[in-house]
Amino acid sequence: MKESIYIFSNGRLKRKDNSLLFETENGDNKFIPVENIKEIFAFGEIDLNVKVLNFLTQKEIIFHYFNYYGYYSGSFYPREHYNSGYMILKQTEAYLDQKNRFYLAKKFIEGAAKNCLKILKYYDRREKDLNKQIKEIEQLVTQLSNYEEINQIMAIEGQIKSIYYSCFDTIINNDDFVFDERTKRPPKNHLNALISFSNSLIYTYCLSEIYKTHLDPRIGFLHTTNFRRFSLNLDIAEIFKPIIGDRTIFSMINKNVITYKDFEQQINGIVLNDKGRKKFLEALEDRLKQTIKHSKIKNNVSYRRLIRIELYKLEKHLMDEEKYEPFIMDW
Amino acid sequence: MKTFAPSIFNAYTICKRQAWLMMRNLTADQDNAFLEIGRLIDETSFERQKKKIFLADLEAMLDMVSKKDGIYYIAEIKKSSKTMNSGIFQLKYYLYLLKTNKGLKARGIIKIPKEKISKEIILTEEDEEKITTILSEMNETLFGDKPPQILLNSKICKVCAHFEFCYG
Ligand code: SF4
């Protein structure tokens, strides 16, 4: 399996013959083994030139970059190498077909909600009393089927999310990490900073996986605000944010692996510092590599691979072969 | 009747679904370990004979072409005799394509350098009939809206790059 490379230092990324070199500010050279990586995450300030971009294209490596505060800035998405006119037509067709688009949008919300429920139930079994919230969300999920418009189901989704987030304080129970309310740009407290960081990473992992399929990341079904931006990855991420991201957040805080010392106050809100980001990325990588037994594939599959399989399922839906059903964790 | 690129023809004889997917350029994930190994083998063991010839109009990649006593010979190089039979049939399809689409009569040679095997192949009438039958079936299946079914529990699937796509 190909790996991800995370660069934290500032420096210059260079092409040297048939490989990539990273030259740090103090002149150290680090070799990056291009044959075995699928993506680079850049958290430092990095200079690079067109030669490097061409090389990344040639090696089919995605380059995700984050700004100084650790907020996602964008991705260099090399020209697609898996190109199928057929699939693009099918994806567009599904988007234009109101019913089909609505079906998929609803499935993404349903999948996300059911995975949130799995998390809440998991902690409910561990003596966190979340019964009331679980009932409420379950109720809202059944209501989804009554609606016919994207705005309406988005509103339900909003309610589900806010109940879900209201459980965070019960699950975490740590005064350094109160939830208060969901604040995004900028995150106003430690927990929100962590959630934002985690979510933006899941978006990029999903984007990298889309790159390995024939789907066009610009055509989403639930998130369809702007055709110039990537949105399909946001759709798919809904399914995985709770089970990959939030689970990692809870376990790190509850085990005191990450503490308030891993954050810093910036003028525009609270952000993780370098050490905190590294810790979180390490835990998230572990989580992505962790495997579970897949009921259909009958084999162990990593969480990272689950994202890909989700995309394959979507492709099969678009091919009109098998209706898409979201992945639901089965603890 | 429409003929197909050899790659699709070969795929079809292994799994119709795979051929259907290939027709739509739904190529499999290149991360798949089996493909990776296949590629390595292909690139390393036959360094000496870099004489691949691509016939664009037939979408055919030939390993070697030579001419002897006025007769064209096209050679197919194989890794081992394990895949001998399918190799022979693939080669016959090349011969068929050359004959029907280009009016060129050629003969084939299968080579397995490691086992010092070099075997001459000719296209018989019987072969032609067999290929024609397959082609007409392909014309029906591969232009259909729905992909052919998964070969459930087949050994072929376990090493197929589409495995996670089909079963996931
Ligand atoms: S996994 Fe099996 S059914 Fe699917 S394309 Fe491969 S061989 Fe055919």
| request: Decide side-chain contact (heavy atoms from CB on, under 4.5 Å) for B:Phe165 and A:Lys316; before the verdict, give the C-alpha distance in whole Å, the side-chain angles of both, and the deciding distance to 0.1 Å. | output: CA-CA 8 Å; B:Phe165 176 82; A:Lys316 285 197 283 190; 3.7 Å; yes
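For A:Lys296, the parts lying near chain B are the backbone and the side chain together; criterion is any non-hydrogen pair under 4.5 Å.
Comparing A:Glu321, A:Glu310, A:Lys313, A:Glu315 by heavy-atom pairs within less than 4.5 Å of chain B, the highest count is held by A:Glu321. Ranked by heavy-atom pairs under 4.5 Å with chain B, the first of A:Met87, A:Glu322, A:Met319 is A:Met319.
Within 6.0 Å of OH in B:Tyr72 there are 12 or fewer heavy atoms belonging to other residues, nucleotides or ligands. Atom NZ of B:Lys2 has more than 12 heavy atoms from other residues, nucleotides or ligands within 6.0 Å. Residue B:Gln149 places its CD atom among 12 or fewer non-hydrogen atoms of other residues, nucleotides or ligands, all under 6.0 Å distant.
The shortest heavy-atom contact between A:His214 and B:Leu26 is NE2-CA, 3.4 Å. Between B:Lys146 and A:Asp320 the shortest heavy-atom distance is NZ-O, 3.0 Å. When all heavy atoms are compared, the tightest approach of A:Asn83 to B:Asn25 is O-ND2, 2.9 Å.
The residues B:Glu164 and A:Arg308 are annotated as not salt-bridged, no charged nitrogen and carboxylate oxygen being separated by less than 4.0 angstrom.
Here the side chains of A:Tyr312 and B:His162 are not in contact, with every heavy-atom distance at 4.5 Å or above.
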